[in-house]
Chemist: 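Before anything else, here's the structure in question.
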2 protein chains.
Amino acid sequence: MANQLSLSIDRSSPVPLYHQVVQGIEAAIHSGILEPGSRLDNEIDLAAQLNLSRPTMRKAMDELVRAGLLVRKRGVGTQVVSSQVRRPLELSSLYDDLSNNGKKPTTEVLSFSHVEADPLTLAALQLPAGSKVYHFTRLRKVGGKPLALMENWVRDDITSIDEAQLAKEGLYAILRRGGVNFRLASQRIGAMIANDYQAPLLEAEAGSALVTMERTAVDDTGRMVETGHHVYRADSYSFEMTLVQR
Amino acid sequence: MANQLSLSIDRSSPVPLYHQVVQGIEAAIHSGILEPGSRLDNEIDLAAQLNLSRPTMRKAMDELVRAGLLVRKRGVGTQVVSSQVRRPLELSSLYDDLSNNGKKPTTEVLSFSHVEADPLTLAALQLPAGSKVYHFTRLRKVGGKPLALMENWVRDDITSIDEAQLAKEGLYAILRRGGVNFRLASQRIGAMIANDYQAPLLEAEAGSALVTMERTAVDDTGRMVETGHHVYRADSYSFEMTLVQR
DNA sequence: AACATCCTAATGTCAGGACAAACTCTTGAC
DNA sequence: GTCAAGAGTTTGTCCTGACATTAGGATGTT
């Protein structure tokens, strides 16, 4: 049952070999060369076809299994999963998500200040008393229609932020350029009713449904970098994700 | 900087060695033996201390990094992450989540039928025309208070389901006992306003906010097993999750 | 024809080694 | 005193090899 998925591996590339394999198989699945449900060759043959060792091949397949694209069964083989699934929720900003989907988001900075953090923010970011933070609220629109109302607090000892930057690009892009390597974020998603402040800004009726998200992001040194409270129009936004059993 | 985390590895156990290490370190972190921010010994020493090879040790640490408990940096070492983060959203049912938190959920079956699937359900579960499915709605309460209203469709060629079972335990427990090995699920979380049907059942006022979730679950053979539409009282439920950068 | 048993194929686990790349700290030069 | 070069440490990648475990088909027996 040969399944020639003619990938090419570039051994002089700085991209690790197993990651090249991941990208190759991912592309083959998304382009339809590998159909949902079809079986792959066994690991040993695949490794031999690409002149790789089995551990390297396995590491690549491990990632694809984790991502939910492949399913392995001992004694049987490896199959392309029935597809129709989305990528897992990524550690990215709304701005990135929209840009990647070809949309053109615009940002309106409603307020911006550099102030001493209130006790709740100190706790959320685990900062010592008296620390200053950036505090700002933004309104994000897509195609002229309001989508999200975002309030954020960011520690100020990483990179400086100004209002003009925030209007031009996403918060995460600014922070990444400031040297922040995000590692993880914990977030909570819920719902609420639009209040009298939110409704007109989002051009929604008072009493309509909003999706709420609270998030705190941590960088690779363990610092809490950013915390925020966002609300989205429920008729225009929802969170999609894929859960993988481990 | 020795960091004796006296784990014991049982080589005669059927549990893989790397998984024993994962459990051991996980326990050490949760019990506070390994404090947040503390550095672990390097991989080679750790492997030697436990009489393991480096690849085995690395595989264990890979899992912990993926789970967000550890952070590695080349040339520097491995640290316990600042903690305070929750476990990732698991592929589990509401019933399991509540039971694990010590709550005592009760389930009321509002409707139950075994019927031909409508076109939307056929598409969601990728079934051939004319297939029959179980269709039921349930109301879940905790401490006597309504929390969730759940409508589900389940394919009928896996295991039989009856009303009495659904009142006693969670859907996923029934399916797992029927031989289903869940692999992944894709879900969408959003918000809506309680309508006249939902509000009285959830003992909420009409017009109050609800969290909505739509989910389709896939087993290890690639079959779409179950799809459902759930709504939760926004004042009693929200989705918490940890996102890990990869 | 039905059933239990063996065999094969595939993934799962584990070992040991080698070199590359990145970060830190020290040392040295200016 | 400041900056740059280098050494050492630690993780990242990749290889070869071996055996265990499981699923499913083939085989043989009753």
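Atom set for the values below is all heavy atoms of this structure, side chains included, hydrogens, waters and symmetry mates excluded. Chain A is the first sequence line, chain B the second, and so forth, proteins listed ahead of strands; every chain is numbered from 1.
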Chemist: Do the rings of F112(B) and Y134(B) sit parallel, tilted or perpendicular, given the 30° and 60° boundaries?
Modeler: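 Correct class here is tilted.
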
Chemist: So which of residues 10-20 of chain B are in contact with DNA chain C, with a heavy-atom cut-off of under 4.0 Å?
Modeler: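 The answer is R11(B), P16(B), L17(B), Y18(B).
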
Chemist: Whole angstrom is fine here: how far is it from CZ in R66(B) over to P in dG12(D)?
Modeler: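 Taking CZ of R66(B) and P of dG12(D), I get 13 Å after rounding.
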
Chemist: Establish, with yes or no, whether the OP1 or OP2 oxygen of dT10(D) is under 4.0 angstrom from a side-chain nitrogen or oxygen of T78(B).
Modeler: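 Answer no for this pair, as no side-chain N or O of T78(B) is under 4.0 Å from OP1 or OP2.
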
Chemist: How long is the line joining CE of M61(B) and C1' of dT13(D), in whole Å?
Modeler: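 Computing the M61(B):CE to dT13(D):C1' distance gives 16 Å.
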
Chemist: If you pin G75(A) and P55(A) to their nearest nucleotides in DNA chain C, which one's is more 5'?
Modeler: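 Nearest-nucleotide comparison on DNA chain C picks G75(A).
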
Chemist: Is D162(B) salt-bridged to K168(B), going by a charged N under 4.0 Å from an acidic O?
Modeler: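 Salt bridge between D162(B) and K168(B), a charged N being under 4.0 Å from a carboxylate O: no.
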
Chemist: Round to a whole Å and report the spacing from CZ of R72(A) to P of dT22(D).
Modeler: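 Rounding to the nearest Å, CZ of R72(A) and P of dT22(D) are 16 Å apart.
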
Chemist: Checking side chain to side chain contact (heavy atoms under 4.5 Å, CB included) against L46(A), which of I25(A), V21(A), L40(A) comes through?
Modeler: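 That would be L40(A).
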
Chemist: Send over the distance from L64(A) CG to dT11(C) C1', rounded to a whole Å.
Modeler: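 Taking CG of L64(A) and C1' of dT11(C), I get 16 Å after rounding.
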
Chemist: Using whole Å, report how far CD of E43(A) lies from C1' of dA18(D).
Modeler: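 For the pair E43(A) CD and dA18(D) C1', the rounded distance is 15 Å.
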
Chemist: Just how far, in rounded Å, is P of dT8(C) from CG of N42(A)?
Modeler: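 Nearest whole value for this atom pair: 16 Å.
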
Chemist: Is T56(A) close enough to dC15(D) that one of its side-chain N or O atoms is under 4.0 Å from OP1 or OP2 there?
Modeler: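 Looking at the OP1 and OP2 atoms of dC15(D), one of them is under 4.0 Å from a side-chain N or O of T56(A).
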
Chemist: Does OP1 or OP2 of dT16(D) have a side-chain N or O of R54(A) closer than 4.0 Å?
Modeler: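 Answer no for this pair, as no side-chain N or O of R54(A) is under 4.0 Å from OP1 or OP2.
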
Chemist: With a 3.5 Å distance limit and no angle check, can you tell me whether Q20(A) reaches the backbone of V15(A) through a side-chain donor-acceptor pair?
Modeler: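 A pair under 3.5 Å: yes.
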
Chemist: May I ask you to decide if A27(B)'s main-chain N or O and S31(B)'s side chain share a donor-acceptor pair within less than 3.5 Å?
Modeler: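 Flag set: sc S31(B) to bb A27(B) pair under 3.5 Å.
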
Chemist: Among all residues two or more places apart in sequence or in another chain, which pass the side-chain hydrogen bond (donor to acceptor under 3.5 Å, both in side chains) test with R54(A)?
Modeler: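 If we apply the side-chain hydrogen bond (donor to acceptor under 3.5 Å, both in side chains) test to R54(A), skipping adjacent residues, the hits are E43(A).
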
Chemist: Select one nucleotide: of dT24(C), dT11(D), dA15(C), the one nearest the side-chain heavy atoms of V76(B).
Modeler: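 For the V76(B) side chain, the nearest candidate turns out to be dT24(C).
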
Chemist: Considering every strand and a 4.0 Å limit on heavy-atom distances, what is the contact class for S53(A): base, sugar-phosphate, or nothing?
Modeler: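 Contact class for S53(A): base.
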
Chemist: Between dA15(C) atom P and M57(B) atom CE, what is the distance in whole Å?
Modeler: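 Taking CE of M57(B) and P of dA15(C), I get 12 Å after rounding.
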
Chemist: Taking the minimum atom-to-atom distance to the side chain of R74(B), which one of dT11(C), dA22(C), dC14(C) wins?
Modeler: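 That would be dA22(C).
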
Chemist: Which nucleotide in the list dT13(D), dT11(C), dC14(C) gets nearest to the side chain of R58(B)?
Modeler: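 Per side-chain heavy atoms of R58(B), the pick is dT13(D).
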
Chemist: OP1 or OP2 of dT13(C) sitting under 4.0 Å from any side-chain N/O of K59(B)?
Modeler: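 For dT13(C), OP1 or OP2 has a side-chain N or O of K59(B) closer than 4.0 Å.
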
Chemist: Figure out the NZ/P separation between K73(B) and dT24(C), and round it to whole Å.
Modeler: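 Nearest whole value for this atom pair: 6 Å.
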
Chemist: Using the side chain to side chain contact (heavy atoms under 4.5 Å, CB included) rule, pick out the option among T121(A), L171(A), V133(A) that qualifies with V154(A).
Modeler: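 When T121(A), L171(A), V133(A) are each tested with V154(A), the side chain to side chain contact (heavy atoms under 4.5 Å, CB included) holds only for L171(A).
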
